[in-house]
Asker: 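Got a structure for you, written out below as structure tokens; questions coming shortly.
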2 protein chains.
Amino acid sequence: MNAPVLSHSRCGDCPIRHRAVCARCNADELEELDAIKYYRTYEAGQPIIWSGDVMNFVGSVVSGIASLTQTMEDGRTQMVGLLLPSDFVGRPGREGAAYDVAATTDVVMCCFRKKPFEELMERTPHIAHRLLEMTLDELDAAREWMLVLGRKTAREKIASLLSIIARRDASLTPGGATNRMVFDLPLTREAMADYLGLTLETVSRQISALKRDGIIELEGKRHVTVPDMRRLMEEAGDDSDGGFLG
Amino acid sequence: MNAPVLSHSRCGDCPIRHRAVCARCNADELEELDAIKYYRTYEAGQPIIWSGDVMNFVGSVVSGIASLTQTMEDGRTQMVGLLLPSDFVGRPGREGAAYDVAATTDVVMCCFRKKPFEELMERTPHIAHRLLEMTLDELDAAREWMLVLGRKTAREKIASLLSIIARRDASLTPGGATNRMVFDLPLTREAMADYLGLTLETVSRQISALKRDGIIELEGKRHVTVPDMRRLMEEAGDDSDGGFLG
DNA sequence: GGTCCGGTTTGATCTGGGTCAAGGCTCAGG
DNA sequence: CCTGAGCCTTGACCCAGATCAAACCGGACC
């Protein structure tokens, strides 16, 4: 949000304009990043990494949505993170992946080979700094989600999820945040359930209920209109608007 | 765990020997840390920081236990982190605190004034590096907890919490992890409930149930003996033992 | 000793969300 | 056009855990 945004010349074919690691790099550093970078695409539903696998890259989501999930032996699944465009994947200094990463929609990733990236990071304090910042953001998000999972009702959970998606959508859209929001749900009911610690039936019922109560409008199963974000956020039980509006 | 541990000369009156930011510092850096450092004690139950307050320090817990909590306007609270000795508090580069921090038991903190600490960090890559590592650990813990909150039953939640406390206890005790563990619960039933997203009645009932089933033994309300950690961890539904035993 | 008080246990009852089951929509492929 | 596969919705029923209420326990203080 407040990170300086740069139309960087080298890393510039990378359409990431927000939260990028390279946002403050100089020409030399960008060239170096460019040399160890490659793109990779995944189809919706495909796994990207399995928990425990050795990861030989780090990178950012360029487009599409990926999810981090944890699964118990008996199959219970909890999504522990959503990766939206510009989000970072991988943890410098760690061998294996800690979670399953999968493409929820078609995904394009911009990857950096891990070894040279770590070396560059070693020499370039502001990249390490950026990474720390991003990790702190993720930690905040994870902890906010703990409140959702631990204490909110099903209806509040759905409203929270819709708020978050609307918010992220707004930050990527030129128009930005307004009181009326329109967006597409990038998740199936099942994926929403896994994120919210609910069953897909409950998700479906609560979405129907929010629709019946005029909090949201639905066109098809995925296209959502929120006539009044304030009401949605009340439903979410958030005390603040999360900086959504001015 | 695998971070090099140093009996550092300057920061050495600080009894933290694990995860400390200063573990790799040289003499000059330690002197500098020493100059900006002070101790502070809090009684059990006292607030340390309120969410939103401006924080003018960062630091580590030296002894005792502190908790991070989030509260909704209607009073529902969720604990989002437990701070045990050697855990770090505060986020370099951030103005305000994101959560309420409170002393659960009597707490001693080793604090560094924030401004000079950030400056030192700017000049000292390995401190930033250490901080990133610690933040990644916290992120992992938070995400592991998301699985607990979202998908585990009350009994599994209790078993998970007991496992974590036993594990942390073991890593601080010379003897280390054995199959039989004895420790004191540092939390009230209510605090456990807030951590687990349950009510205190349910916590009490499940503890009684684990006791009845011989998974744990209780002496008084707080002193716990786990005759067989393996059984406890089965109850927790963990597929791995979290590296608890060799 | 008694009494107060915070923390805890236990019981009785209620209910939100899980579970099981039956259709419904929509789009791709034949 | 029909058919099948995914995804989604809706209904009926059930149960784990919440809620409400009462009592218990152990230590501090008079």
Side-chain angles (χ1 to χ4, degrees), chain A residues 43-46 72 74-78 104-106 148-162 184-213 216-224 235 237, chain B residues 43-46 67 72 74-78 102-105 148-162 184-213 216-224 235 237:
Chain A
E43 277 173 42
Q46 272 192 333
M72 296 170 66
D74 62 6
R76 281 177 283 175
T77 302
Q78 177 66 49
T104 294
T105 63
D106 290 351
V148 173
L149 290 173
R151 291 301 186 193
K152 292 196 177 178
T153 65
R155 171 183 266 244
E156 289 169 334
K157 285 179 175 183
I158 297 288
S160 299
L161 179 57
L162 294 178
D184 282 304
L185 283 176
L187 301 174
T188 65
R189 300 291 186 262
E190 188 178 26
M192 288 191 248
D194 284 343
Y195 200 20
L196 295 167
L198 297 171
T199 59
L200 67 89
E201 293 95 329
T202 299
V203 170
S204 181
R205 275 188 252 274
Q206 294 299 333
I207 288 181
S208 299
L210 288 176
K211 183 173 148 193
R212 179 172 3 90
D213 298 346
I216 60 173
E217 291 154 23
L218 270 186
E219 209 172 314
K221 288 148 195 320
R222 300 293 194 91
H223 193 74
V224 179
E235 291 290 341
Chain B
E43 277 174 42
Q46 272 192 333
S67 62
M72 297 169 65
D74 63 6
R76 281 177 282 175
T77 59
Q78 175 66 50
T104 293
T105 63
V148 173
L149 290 173
R151 292 302 186 193
K152 293 195 177 177
T153 64
R155 171 183 264 244
E156 290 169 333
K157 285 179 175 183
I158 298 288
S160 298
L161 179 57
L162 295 178
D184 282 305
L185 282 177
L187 301 175
T188 65
R189 300 290 184 262
E190 187 178 25
M192 288 191 246
D194 284 344
Y195 201 19
L196 295 166
L198 297 171
T199 59
L200 66 90
E201 291 96 329
T202 298
V203 170
S204 181
R205 275 187 251 273
Q206 295 298 333
I207 288 181
S208 299
L210 288 176
K211 183 174 151 194
R212 181 175 357 95
D213 298 346
I216 61 173
E217 291 154 22
L218 269 185
E219 210 171 314
K221 288 151 194 319
R222 300 293 194 90
H223 193 74
V224 179
E235 291 290 342

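These numbers come from the heavy atoms of this one structure, side chains and all, not from hydrogens, waters or symmetry mates.
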Asker: On DNA chain C, nearest-nucleotide positions of K221(A) versus E201(A): which is more 5'?
Answerer: E201(A)
Asker: Charged N to carboxylate O below 4.0 Å: is that the case for D74(B) and R151(A)?
Answerer: no
Asker: With a cut-off of less than 4.0 Å, is there a side-chain N or O of S204(A) near OP1 or OP2 of dC8(D)?
Answerer: no
Asker: Starting at atom CG of L210(A), determine the distance to atom P of dT9(D), rounded to an integer number of angstrom.
Answerer: 12 Å
Asker: For dG18(C), take OP1 and OP2 only and decide whether either is under 4.0 Å from a side-chain N or O of T199(A).
Answerer: yes
Asker: With distance as the sole criterion, do the side chain of R155(A) and the base of dG17(C) form a donor-acceptor contact below 3.5 Å?
Answerer: no
Asker: Does the distance from a Lys or Arg side-chain N to an Asp or Glu carboxylate O, for R155(B) and D213(B), drop under 4.0 Å?
Answerer: yes
Asker: Output the residues of residues 186-197 of chain B in contact with DNA chain C, where contact means a heavy atom of the residue under 4.0 Å from an atom of the strand; sort by number or write none.
Answerer: T188(B), R189(B)
Asker: Under 4.0 Å, counting only non-hydrogen atoms across every strand here, what does R222(A) touch: a base, just sugar-phosphate, or nothing?
Answerer: sugar-phosphate
Asker: Stepwise, does the side-chain contact (heavy atoms from CB on, under 4.5 Å) test hold for M192(A) with I207(A)?
Answerer: CA-CA 11 Å; M192(A) 288 191 248; I207(A) 288 181; 4.1 Å; yes
Asker: Provide, to the nearest angstrom, the distance between the CZ atom belonging to R205(B) and the P atom belonging to dA16(D).
Answerer: 13 Å
Asker: Could you state the CZ-P distance from R76(A) to dG18(C), rounded to the nearest angstrom?
Answerer: 13 Å
Asker: Is there a donor and acceptor pair closer than 3.5 Å between the side chain of R212(A) and the base of dT9(D)?
Answerer: no
Asker: Looking at E201(B), I'd like to know if its CD atom is crowded, meaning that more than 12 non-hydrogen atoms belonging to other residues, nucleotides or ligands lie closer than 6.0 Å.
Answerer: yes
Asker: What is the separation between atom CD1 on I158(B) and atom P on dA16(D), rounded to the nearest whole Å?
Answerer: 16 Å
Asker: Provide, to the nearest angstrom, the distance between the CG atom belonging to L218(B) and the P atom belonging to dC25(D).
Answerer: 15 Å
Asker: At 4.0 Å (heavy atoms only), tell me whether L198(B) reaches a base, stays on the sugar-phosphate, or touches nothing.
Answerer: sugar-phosphate
Asker: Between C1' on dG17(D) and CG on L200(B), what's the gap in Å once rounded to a whole number?
Answerer: 13 Å
Asker: Verify whether one side chain among T77(B) and D194(B) offers a donor that lies under 3.5 Å from an acceptor in the other.
Answerer: yes
Asker: Could you check R151(B) against G220(A) and say which one's nearest nucleotide on DNA chain C is further toward the 5' end?
Answerer: R151(B)
Asker: What's the CG-P distance between L185(A) and dC7(D), to the nearest Å?
Answerer: 15 Å
Asker: Can you tell whether the side chains of E235(A) and K157(A) come within less than 4.0 Å, N to carboxylate O?
Answerer: no
Asker: Please walk me through it: do D184(A) and V224(A) pass side-chain contact (heavy atoms from CB on, under 4.5 Å)?
Answerer: CA-CA 6 Å; D184(A) 282 304; V224(A) 179; over 6 Å; no
